[in-house]
Enquirer: 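Take this structure first; my questions come after.
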Amino acid sequence: MSPPFRILALSGGIGGAKLALGLDRVLPPGALSVLANTGDDFVHLGLHVSPDVDTLLYTLAGLDDPVKGWGRREETWTFMAALKALGGEDWFLLGDGDLATHVERSRLLAQGLTLSEITERFRARLGIASAILPMSDDPVRTRVKTREEGWLDFQPYFVGRRCEPAVEALDFAGAAEARMAPAVAAALADPALAAIVLCPSNPYLSIDPILAVPGIRAALARRRVPVVAVSPIIAGQAVKGPTAKMMRELGLEPGAATVAAHYAGLVDILVVDEADAGVAVPEGMAVHAAPTLMRSLDDRTALARVVLALAGRPA
Ligand code: FO1
């Protein structure tokens, strides 16, 4: 029995996955599709790693590490210890359980399955009701232009250098040639689509790569359904990750107002934390203050209910 309406949520990183979980929990089974960033993907040790897809799979399956936010809970590290002993690359941590995901995804990719088909297979195996839709089955790779070290690939910047180098510009290599994954095009064209949500992800590193896939930004701009975004910045501070630091490095004021300006023309309502109530937003955008810091599952579902009510679909 198909759900009465559908919600499409754009997400990348750990903050986005938190709201995706809240939406998953409050919506009818199958009503939620999460459009996942794949710009963080890379081949490491010969394995295709899709961090933002895996963070969503693990989070919605209750397998995520509640402290790190990425990788699996109750993880063991035998593989990494053995790899290190052999002199292998140990800067990017692959837990023993997480390793199975990368090995199986790489095996299926080599057999010719698409990233979308593989994600759908994993979703079903993990008993997740919501759809997880990689933005494209073509390679899109976020690259960071740093002041001191020039262009860095994403994971060497984010993990290898712990986001320390100052960022001057971003590039999403391959985006111009990338095609929306078929399921993404179908979700955007679905007559049952009732709203689009921009989860509280890093606008530059998680949302912009998704919007860079031809057709996605245009679909939001000409939208026929409400688009509700949640600011990932609270009182000028990122909840997690380099968002505020990047804003400063890009010459922008770290804060919800900068998030609002970044989303001008794409978003009908921006949800900001109560600490940012009354923030200035562009013409045509409304702002709504609510608690946006998500520590518990209740926080996640409460914020999801706020977002859905604003989108005209109270859950
Ligand atoms: N983040 C880290 O800070 N250190 C890691 O060693 C690391 C390993 C890792 C392995 C699998 C995975 O799916 C994610 C992993 N992450 C790690 C997080 C990842 O770099 C980020 O979640 C995204 O790329 C950006 O949100």
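Basis for what follows: all heavy atoms, side chains included, without hydrogens, waters or symmetry-related copies. Note that ligands are numbered from 1 as they come in the structure, with each ligand's atoms numbered from 1 the same way. Quick caveat, the model's predicted, so the values are computed rather than measured.
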Enquirer: What heavy-atom pair brings Ala311 and Val228 nearest, and what distance separates the two atoms?
Expert: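 Answer, listing the atom of Ala311 first, then Val228: CB-CG2, 3.9 Å.
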Enquirer: Please lay out, stage by stage, how Phe42 and His48 fare under the test ring pair (Phe, Tyr, Trp, His ring centres under 6.0 Å).
Expert: CA-CA 6 Å; Phe42 73 140; His48 183 111; 8.7 Å; no
Enquirer: Specify the protein heavy atom at minimum distance from atom 11 (C) of ligand 1: its residue, its atom name, and the distance to 0.1 Å.
Expert: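 Protein heavy atom with the smallest distance to atom 11 (C) of ligand 1: Asp98 OD2, 3.4 Å.
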Enquirer: Report yes or no: do Ser206 and Asn37 form a side-chain donor-acceptor pair below 3.5 Å?
Expert: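 On atom types as modelled, these side chains do not qualify, holding no pair under 3.5 Å.
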Enquirer: May I ask you to identify, for Asp52, whether its side chain, its backbone, both or neither come under 4.0 Å of ligand 1 on a heavy-atom basis?
Expert: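 Side chain only.
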Enquirer: What atoms in ligand 1 come closer than 4.0 Å to a heavy atom of Phe154?
Expert: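 Per the distance check, 24 (O), 25 (C).
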Enquirer: Could you check if a side-chain atom of His262 sits within less than 4.5 angstrom of a side-chain atom of Tyr204, using non-hydrogen atoms only?
Expert: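 The answer is yes; the side chains approach within 4.5 Å.
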Enquirer: Specify the protein heavy atom at minimum distance from atom 3 (O) of ligand 1: its residue, its atom name, and the distance to 0.1 Å.
Expert: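 Going by distance alone, atom 3 (O) of ligand 1 is nearest to Val159 CG2, 3.9 Å.
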Enquirer: Looking at non-hydrogen atoms alone, which of Leu93, Val53, Thr142, Asp40 comes nearest to atom 6 (O) of ligand 1?
Expert: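 Result: the heavy atom closest to atom 6 (O) of ligand 1 is in Leu93.
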Enquirer: Taking Thr38's backbone N and O only, do any of them form a donor-acceptor pair with Asp52's side chain (distance below 3.5 Å, no angle check)?
Expert: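 No, Asp52 side chain to Thr38 backbone: no donor-acceptor pair under 3.5 Å.
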Enquirer: Closest non-hydrogen protein atom to atom 13 (O) of ligand 1, residue and atom name please, with distance?
Expert: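 Residue, atom and distance for the closest contact: Pro51 CA, 3.3 Å.
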Enquirer: Just by modelled atom types, is the Pro51 backbone N or O under 3.5 Å from a matching donor or acceptor in the Asp40 side chain?
Expert: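 No, because the side chain of Asp40 does not come within donor-acceptor range (under 3.5 Å) of the backbone of Pro51.
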Enquirer: With atoms numbered from 1 as shown, which atoms in ligand 1 lie under 4.0 angstrom from a non-hydrogen atom of Gly13?
Expert: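 Every atom of ligand 1 under 4.0 Å from some heavy atom of Gly13: 26 (O).
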Enquirer: What do we get for Leu205 next to ligand 1 when only non-hydrogen atoms under 4.0 Å count, side chain, backbone, both or neither?
Expert: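 Contact part for Leu205 vs ligand 1: neither.
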Enquirer: Tell me whether Glu75 contacts the main-chain N or O of Gly97 through its side chain, where contact means a donor paired with an acceptor under 3.5 Å.
Expert: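 Answer holds: yes.
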Enquirer: Can a cation-pi geometry be assigned to Arg141 and Phe172, taking NZ or CZ under 6.0 Å from the six-membered ring centre and within 45° of the ring axis?
Expert: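 Arg141 over Phe172 ring: no.
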Enquirer: Give me the nearest non-hydrogen protein atom to atom 17 (C) of ligand 1 as residue plus atom name, then the distance to 0.1 Å.
Expert: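 Checked against all protein heavy atoms, atom 17 (C) of ligand 1 sits closest to Trp70 CE2, 3.4 Å.
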Enquirer: Identify, for atom 21 (C) of ligand 1, the protein heavy atom at the shortest distance, and state residue, atom and that distance.
Expert: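 Among all protein heavy atoms, the one nearest atom 21 (C) of ligand 1 is Phe158 CE2, 3.9 Å.
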Enquirer: With a heavy-atom distance limit of 4.0 Å, tell me whether Gln155 approaches ligand 1 through its side chain, its backbone, both, or neither.
Expert: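 Side chain only; the backbone of Gln155 stays clear of ligand 1.
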